[in-house]
Amino acid sequence: MALVLYNTLTKRKEPLEPLHKDKIGIYVCGVTVYDQSHLGHAKSAINFDVIVRWLRHRGYDVKHVTNFTDVDDKIIARANEIGIDPLKLSQRMIDEYFGDMDALRIRRASVYPKASDTMEDIIRMVQGLIDKGYAYESNGSVYFSVRKAKEYGKLSRQNLDQMQAGARIEPGEDKQNPMDFALWKAAKPGEIAWDSPWGKGRPGWHIECSAMCLKHIGKTVDIHGGGTELIFPHHENEILQSEAYNDAPFVRYWMHNGLLTIDQEKMSKSLKNFFLIKDILGKHTPGTVRFYLLNAQYSQPLDYNEKSLEEAGKALERLQNTYSSMKAVLTTSKGTDDASELCEKAAKDFEAKMDDDFSTREAIAVMYDLSREANKLLSDGKLSQKGAQNVIDVFDKFNSIFDVLVETQRTGEDLSGKLVDLLLEMREEARERKDFAQADTIRKRLAELGIEIQDTQDGAVWKRK
RNA sequence: GCCGGGAUGACAGAGUGGCCAUGUGGCGGACUGCAGAUCCGUACACGGGAGUUCAAAUCUCCCUCCCGGCCCCA
């Protein structure tokens, strides 16, 4: 069955058909690095992390490009406040960003271009747009002329005339039309600037993405992603620039992730209602955070609150327990049922849900069903060792995409493992002679050492926490 | 004002024209020396109003409310 995904451009789910058979170029708008990352950034990054992992799992050769906007008004303002070079500030924030993302086990993109490294390409593109008559220079700045665009608003379905009537944007002093947007901004005195044919200045916000897509992927990118708040004007303007410059369709599939809200409002730096990733990770494991964020369809908004994050942690523990139990009985289970039918069905259902626009929430539900059935077989003493392995295989596949489970496999082969086995034998003897005080002491002392014991019908099993 | 997305049980969050989402939490059981884990059963639902249909939470229309976008933002 084909993989389908929701395309914001056409407003429907479409089968994925990359431009070049098995290769996919995906560009995801990154962050403006003027401050630390919050949970909303994590949502976007994790959503696309899973999407890319799934595409790779399906056999595609994926080139994933995510940019850093390292030159912009906010960075300049912040750098001035603290008195450092803007590019130093942005580099520092990039380092922080990678620290957070690595902690959340987000796989790195193939390339992370920065606006400041892409300057030649940006200037070439701006000049090209002027040469083709789509853009004009005015007092050292360059603007894209929206009236020259063949189609305006095809992504966001905005109508130029209505927008102006409704928004009543005052024309900027250098603009011919209020909806024109800057491709190149003339430098103000003292600002960081690059040389260009129009004097010193720096790129407008939208042009870097167009230039990076062209440079790192090509005229047409298969998938372009970002948060829903970027649809207008950012992505709309990218389309105008790129299609005018390249004379080719810019993007085949537009994917937008829903925003993280808090008390029903968008989490954002400007609203000051954000939680930093590093603060959240002080209270919750990376697995819990990932699981929480993947508990909703990527395209839907998700309302954050501490309680639902805790719930996600408990819910995840359920899957973790099953996984750990299966590992624990891998060489001891005595049943005869290899659970193959069950596991094949789960694996198939999981694939189908992920293939349906990356429906992580439903894919998780499949895992719960598998969990329940597997636990039942285990507690009835029916599960075979092969069966435990089959269940583990499905969980491993799930985890290769979601990356939320931790290895709790007993390491019984080394000395410490053998010592734990010995203690469990002694505890078993204590229990047989009803010396529960002794048995409980052993359990308690081992727990203090990070070894968790659970009594099952087939005897006690243990794992490292 | 214009554009887009929503409204589902205590909470979180799926989905489909007729059958159970799922998880957390409740309640009642099973198992157990105790813990823990696990399993079984159970209650609680589809914003409001009209229509289509044998059948609608699921399709159509209207209404209400919420969120996002229209300066920056994942």
Side-chain angles (χ1 to χ4, degrees), chain A residues 8 11 28-32 34-35 37-48 66 69 72-74 153 155-169 179 205 225-236 256-261 264-271 274 291-292 295-297 299-303 305 307-319 321-322 324-325 328 353 356 359-369 371-380 431 434-437 439-440 443-444 447 452-457 461:
Chain A
T8 313
K11 283 174 53 177
V28 181
C29 283
V31 290
T32 300
Y34 72 99
D35 206 344
S37 302
H38 59 64
L39 197 60
H41 299 114
K43 179 176 189 298
S44 181
I46 287 170
N47 286 155
F48 283 102
T66 285
T69 300
D72 100 315
D73 291 344
K74 287 186 176 175
L155 180 66
S156 60
R157 279 158 262 271
Q158 297 284 351
N159 176 298
L160 209 46
D161 298 308
Q162 279 174 334
M163 288 208 51
Q164 285 173 59
R168 290 188 305 122
I169 297 168
M179 294 306 291
W205 176 34
T228 52
E229 87 282 16
L230 296 176
I231 293 172
F232 188 90
H234 184 53
H235 289 160
E236 198 68 70
H256 291 97
N257 65 276
L259 299 183
L260 188 74
T261 59
Q264 311 297 330
E265 268 195 331
K266 179 174 70 161
M267 178 178 290
S268 78
K269 293 175 191 168
S270 34
L271 292 172
F274 56 88
F291 194 69
Y292 169 67
N295 242 332
Q297 168 70 350
S299 57
Q300 294 302 124
L302 180 65
D303 197 49
N305 62 64
K307 193 172 153 244
S308 55
L309 195 47
E310 277 165 21
E311 269 184 24
K314 285 183 195 161
L316 173 60
E317 213 173 305
R318 191 176 167 75
L319 295 181
N321 283 335
T322 302
S324 302
S325 301
K353 296 304 184 186
D356 182 10
S359 298
T360 51
R361 174 71 191 202
E362 288 187 77
I364 288 171
V366 170
M367 298 308 294
Y368 283 121
D369 288 339
S371 247
R372 185 179 344 98
E373 296 301 323
N375 283 327
K376 206 184 297 182
L377 286 175
L378 181 61
S379 60
D380 290 348
R431 291 180 70 201
K434 307 259 190 246
D435 183 359
F436 297 122
D440 290 347
R443 183 168 63 196
K444 184 159 167 281
E452 189 176 279
I453 295 175
Q454 284 181 12
D455 293 316
T456 71
Q457 304 229 311
V461 295

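Here is the naming used below: chain letters follow the sequence lines, and residue numbers restart at 1 for every chain. Every heavy atom of this structure was used, including side-chain atoms; hydrogens, water molecules and symmetry mates were not.
Partners of A:S299 under the side-chain hydrogen bond (donor to acceptor under 3.5 Å, both in side chains) rule, at least two apart in sequence or in another chain, do not exist in this structure. Applying the side-chain hydrogen bond (donor to acceptor under 3.5 Å, both in side chains) criterion to A:T32, with sequence neighbours excluded, gives no partner residue. Taking A:E311 as the reference, nothing meets the side-chain hydrogen bond (donor to acceptor under 3.5 Å, both in side chains) condition, with sequence neighbours excluded. Judged as a side-chain hydrogen bond (donor to acceptor under 3.5 Å, both in side chains), and not counting sequence neighbours, A:K266 has no contacts. Remark: A:K74 pairs with no residue by the salt bridge (Lys or Arg N to Asp or Glu O under 4.0 Å) rule, at least two apart or across chains. The side-chain contact (heavy atoms from CB on, under 4.5 Å) search around A:D440 returns A:R443, not counting sequence neighbours. In this structure, the side-chain contact (heavy atoms from CB on, under 4.5 Å) partners of A:T261, at least two apart in sequence or on a different chain, are A:D303. Residues that satisfy the ring-ring contact (aromatic ring centres under 6.0 Å, His included) test with A:H41, not counting sequence neighbours, are A:H38. For the salt bridge (Lys or Arg N to Asp or Glu O under 4.0 Å) test, residues two or more places apart in sequence or in another chain that qualify with A:K444 are A:E448.
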For A:L319 and A:Y368, run side-chain contact (heavy atoms from CB on, under 4.5 Å): C-alpha distance rounded to whole Å, both residues' side-chain angles, the deciding distance at 0.1 Å, then the answer. CA-CA 7 Å; A:L319 295 181; A:Y368 283 121; 3.7 Å; yes
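Separation of the C1' atoms belonging to B:U58 and B:U8 is 11 Å when rounded to the nearest angstrom. When the P atom is used for both B:G25 and B:A57, the distance is 31 Å, rounded to whole Å. Rounded to whole Å, the P atom of B:C34 lies 36 Å from the corresponding atom of B:C11. B:A45 and B:G13 are spaced 13 Å apart, taking the C1' atom of each and rounding to whole Å. Distance noted for atom C1' between B:A43 and B:A10: 11 Å (whole Å). As rounded to the nearest Å, B:U53 and B:G47 have C1' atoms that lie 23 Å from one another. Atom C1' of B:C27 sits at a distance of 35 Å from the matching atom of B:C67, rounded to the whole Å. With C1' as the reference atom, B:U32 and B:U38 are 11 Å apart, rounded to whole Å.
Stacking between A:F436 and B:G33 is present: the aromatic ring centre lies within less than 5.5 angstrom of the base six-membered ring centre, and the two planes differ by under 30 degrees.
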Under 3.5 Å, N/O pairs linking protein and nucleotides 37-41 of chain B:
| from | atom 1 | to | atom 2 | distance (Å) |
| --- | --- | --- | --- | --- |
| B:A37 | O3' | A:N321 | ND2 | 3.2 |
| B:U38 | O3' | A:N375 | ND2 | 3.3 |
| B:C39 | OP1 | A:R318 | NH2 | 3.4 |
| B:C39 | OP2 | A:R318 | NH1 | 3.4 |
| B:C39 | OP2 | A:R318 | NH2 | 3.2 |
| B:C40 | OP1 | A:K376 | NZ | 3.0 |

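Contact annotation for A:G40: base contact, defined as any heavy-atom pair under 4.0 Å involving a base atom. Note on A:A365: a base of the nucleic acid sits closer than 4.0 angstrom, heavy atoms only. At the heavy-atom level, A:M267 lies under 4.0 Å from base atoms of the strands shown. Residue contacts shown for A:I231 are absent, as no nucleic acid heavy atom lies under 4.0 Å away. Using a 4.0 Å heavy-atom distance criterion, A:I453 is classed as a base contact.
The residue among A:G225 and A:K434 whose nearest nucleotide of RNA chain B is located toward the 5' end is A:K434. Mapping A:N257 and A:K314 onto RNA chain B by nearest heavy atom places A:K314 closer to the 5' end of the strand.
Between the CD atom of A:Q158 and the C1' atom of B:C70 there is a distance of 6 Å, rounded to whole Å. Nucleotide B:G36 holds its P atom 16 Å from the NZ atom of A:K444, rounded to whole Å. In this structure, A:H256 atom NE2 and B:C3 atom C1' are separated by 14 Å, rounded to whole Å. Counting to the nearest Å, the P atom of B:U22 and the CG atom of A:D369 are 6 Å from each other. Atom CD of A:E236 is separated from atom P of B:G4 by 12 Å (rounded to the nearest Å). The separation between A:Y34 atom OH and B:C72 atom C1' is 8 Å, rounded to whole Å. To the nearest angstrom, P of B:G69 lies 15 Å from NE2 of A:H234. In this structure, A:K74 places its NZ atom 9 Å from P of B:C72, rounding to the nearest Å.
Across all non-hydrogen atoms, the minimal contact from A:A312 to A:F291 is O-CD2, 3.5 Å.
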Dot-bracket for RNA chain B, 5' to 3', counting Watson-Crick or G-U wobble pairs under 3.5 Å, with [ ] for crossing pairs and | for inter-strand pairs? (((((((..(((.....[...))).(((((.......)))))....(((((..]....))))))))))))....
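Taking 4.5 Å as the limit, some side-chain heavy atom of A:N47 sits within range of a side-chain heavy atom of A:K43. Looking at heavy atoms from C-beta onward, A:N321 lies out of side-chain contact with A:R318 at the 4.5 angstrom threshold.
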Which parts of nucleotides 5-16 of chain B does protein reach within less than 4.0 Å, heavy atoms only, written one letter per nucleotide 5' to 3' as B for base, S for sugar-phosphate only and - for none? S-----BBSSS-
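Here the side chain of A:P233 is nearest to one of B:C72, B:G68, B:C34, namely B:C72.
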